[in-house]
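Down below is the structure, laid out as structure tokens.
Lettering follows sequence order; numbering is per chain, from 1.
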Number of protein chains: 2
Amino acid sequence: MPYDPSAFPPFAVTVDLVVLTVRRHALCALAVRRGEQPFQGRWALPGGFVREDEDLAAAAARELVEETGLLAHDPTLPAPPNGAHLEQLATYGDPERDPRMRVVSVAHLALAPDLPAPRAGGDANSARWAPVESLLDQENAYGREIGHGEPLAFDHDRILADGVERARSKIEYSSLATAFCPGEFTVGELRRVYEAVWGVALDPRNFHRKVTGTPGFLVPTGGTTTRQGGRPAQLFRAGGATVLNPPMLRPDV
Amino acid sequence: MPYDPSAFPPFAVTVDLVVLTVRRHALCALAVRRGEQPFQGRWALPGGFVREDEDLAAAAARELVEETGLLAHDPTLPAPPNGAHLEQLATYGDPERDPRMRVVSVAHLALAPDLPAPRAGGDANSARWAPVESLLDQENAYGREIGHGEPLAFDHDRILADGVERARSKIEYSSLATAFCPGEFTVGELRRVYEAVWGVALDPRNFHRKVTGTPGFLVPTGGTTTRQGGRPAQLFRAGGATVLNPPMLRPDV
DNA sequence: GCAAAAGTGTTGTAACTACACCCATGA
DNA sequence: TCATGGGTGTAGTTACAACACTTTTGC
């Protein structure tokens with residue numbers, strides 16, 4: 001029983017991705033350069049049309065693989081090592097958001113460990129990691145490498161800001177911060193993730209007690225490493241816990 | 001520069017509403033009876049197609065007025081008296097979710113104070129408030145007034161469950177519970193909202209200290225009431241605070 | 001007076017902040 | 001030996017649960 005297409009307005013549906021990672025102690029997002037109109041040459045979030053018989057989550061996972069090579073995992077489970085966490089963020093459907101036509105975009109948020117380099121057909125000029133601060137802060141935009149003060153294409157500034165805010169609040173009460181870490185990591189490396197995402201300094205001693213004392217958050221692998229220098233640190237991997245109770249406390253706010 | 005319509009698959013886009021309220025000490029959702037195929041005669045969430053030049057939030061607000069007469073307010077502000085809180089919930093786009101065609105539904109969550117009665121063209125048999133427990137609990141479904149064990153139409157069971165979960169967690173750390181209350185209310189009435197939404201009993205004495213001690217949550221109006229019996233209680237209205245810090249603590253969980 | 005709901009006081013405990021201090025490695 | 005980061009101990013504080021207890025109304 002197909003519907004009369006004149007009974008409802010047709011929409012295009014896309015997925016856009018906010019892919020976040022922590023590089024060199026800064027929270028970074030994946031940006032791609034647009035090759036076509038509109039906003040040709042401007043930076044944008046990766047994304048694309050949802051296919052005819054494709055679920056929204058499947059479309060987001062497909063785009064994620066195309067842009068980063070990362071596999072996504074079930075968001076109800078804790079992030080496994082070296083896979084990305086992927087979850088739906090929000091949907092944006094302002095009638096004016098795309099000048100060509102009516103497009104509704106279902107934005108997704110992905111959290112990834114630090115990667116060698118982005119890939120977008122191997123073209124280094126068309127995809128890169130940029131600190132979210134430089135992408136979003138249009139006031140102090142002069143002299144920065146990406147964007148040069150230009151906003152992102154479409155409403156992607158707002159989508160990126162929403163994704164960053166979601167990540168910042170979600171690592172408070174969930175174990176999601178481990179999705180930014182490689183398969184095995186130290187407490188110090190996890191702390192630097194929190195510091196980069198929140199933009200604050202945390203007391204290393206209290207942080208250590210807190211995360212090792214929360215049941216199911218971290219499980220020791222038995223190994224140690226000195227890759228950060230100093231005294232050898234225990235290696236951990238993410239435990240089964242997905243929700244942190246009590247939560248990590250973000251200073252001030 | 002219109003787009004080539006053959007370059008992307010056309011979708012229908014709808015908004016569906018999870019409208020929650022507290023009646024007779026139970027968390028209730030608005031359900032409407034479907035008058036047409038598919039799922040004719042089954043209960044469903046209210047909703048409808050997004051119009052040609054309509055924003056998603058505007059479509060949700062329009063549906064809310066049509067079904068309840070309630071005006072929606074800016075979700076970034078605290079809920080004003082006798083208006084509904086409305087926020088985007090999530091988007092559902094399984095290719096099989098509507099047997100007729102490809103439909104993507106942007107679900108919204110609305111929280112409303114107790115209303116006289118729902119209105120759907122004045123037809124009392126086609127729209128009503130039902131306890132969410134009876135709508136969702138398909139195990140113990142015998143003997144209940146609505147649904148009689150039948151799931152809701154489409155994937156509305158899942159949408160309703162997601163909306164209820166959102167409401168349950170959001171009243172922990174925001175002042176949203178006041179959206180379930182009339183313009184002026186007592187601490188005891190607010191406590192009964194929490195008890196109904198969470199399905200737990202709270203200590204009235206600690207609750208009172210907690211909510212009156214959180215700056216900006218409640219502001220006294222000066223009046224008192226004895227409508228609940230017993231000693232006269234102070235009347236309050238919602239304060240300017242939208243985020244509760246420290247949060248209300250939900251027992252167990 | 002009695003029931004019912006509002007509101008206050010108190011005590012023990014969990015969990016946090018802030019900081020002093022020690023440990024194990026590489027250079 | 002020193003610098004560097006890893007990890008433990010301890011004291012003061014906040015916020016909470018779990019009560020006992022008092023207050024003010026309607027009946």
Pair of N/O donor and acceptor under 3.5 Å linking [N] base with [X] side chain:
{"X": "B:Arg191", "N": "C:dA6", "result": "no"}
{"X": "A:Arg209", "N": "D:dG9", "result": "yes"}
{"X": "B:Arg231", "N": "C:dA5", "result": "no"}

What is the distance, to the nearest angstrom, from the [atom1] atom on [X] to the [atom2] atom on [N]?
{"X": "A:Phe185", "N": "D:dG6", "atom1": "CZ", "atom2": "C1'", "answer": "16 Å"}
{"X": "A:Arg250", "N": "C:dA15", "atom1": "CZ", "atom2": "C1'", "answer": "20 Å"}
{"X": "A:Gln228", "N": "D:dG6", "atom1": "CD", "atom2": "P", "answer": "7 Å"}
{"X": "B:Asn206", "N": "C:dG12", "atom1": "CG", "atom2": "C1'", "answer": "13 Å"}
{"X": "B:Leu244", "N": "D:dC16", "atom1": "CG", "atom2": "C1'", "answer": "15 Å"}
{"X": "B:Arg205", "N": "D:dA20", "atom1": "CZ", "atom2": "C1'", "answer": "8 Å"}
{"X": "B:Leu202", "N": "C:dA5", "atom1": "CG", "atom2": "C1'", "answer": "16 Å"}
{"X": "A:Phe236", "N": "D:dG6", "atom1": "CZ", "atom2": "P", "answer": "11 Å"}

* For the residue pair B:Ala167 and B:Leu109, what are the closest heavy atoms and their distance? -> N-CD2, 4.1 Å
* Structure fact -> Taken to the nearest 0.5 Å, the spacing of A:Tyr173 OH from A:Met248 CE works out to 14.5 Å
* Asked: Quick one: is A:Gln234 getting a side-chain N or O under 4.0 Å of the D:dG7 phosphate, OP1 or OP2?
  -> yes
* Short side-chain N/O contact to D:dG7 OP1/OP2 from A:His208, under 4.0 Å -> yes
* By nearest nucleotide on DNA chain C, pick out whichever of B:Gly188 and A:Gly229 is the more 5' one. => B:Gly188
* To do: Report the residue (A:Pro232 or A:Lys210) whose heavy-atom-nearest nucleotide on DNA chain C is the more 5′ of the two.
  => A:Lys210
[Y] backbone acceptor or donor facing [X] side chain under 3.5 Å:
{"X": "A:Thr178", "Y": "A:Ser175", "value": "yes"}
{"X": "B:Glu63", "Y": "B:Ala60", "value": "no"}
{"X": "A:Arg237", "Y": "A:Phe185", "value": "no"}

* Structure fact -> The residue, B:Gly230 or B:Pro247, whose nearest nucleotide of DNA chain D is more 5′ is B:Pro247
* **Most 5' of A:Thr212 and B:Pro246 on DNA chain D, judged by nearest nucleotide** => A:Thr212
* **B:Asp203 side chain, from C-beta outward: closest of D:dC19, D:dG6, C:dG7** => D:dC19
* Would you classify B:Arg227 as touching base, sugar-phosphate or nothing, given that sugar-phosphate means primed atoms plus P, OP1 and OP2, and contacts are heavy atoms under 4.0 Å? => nothing
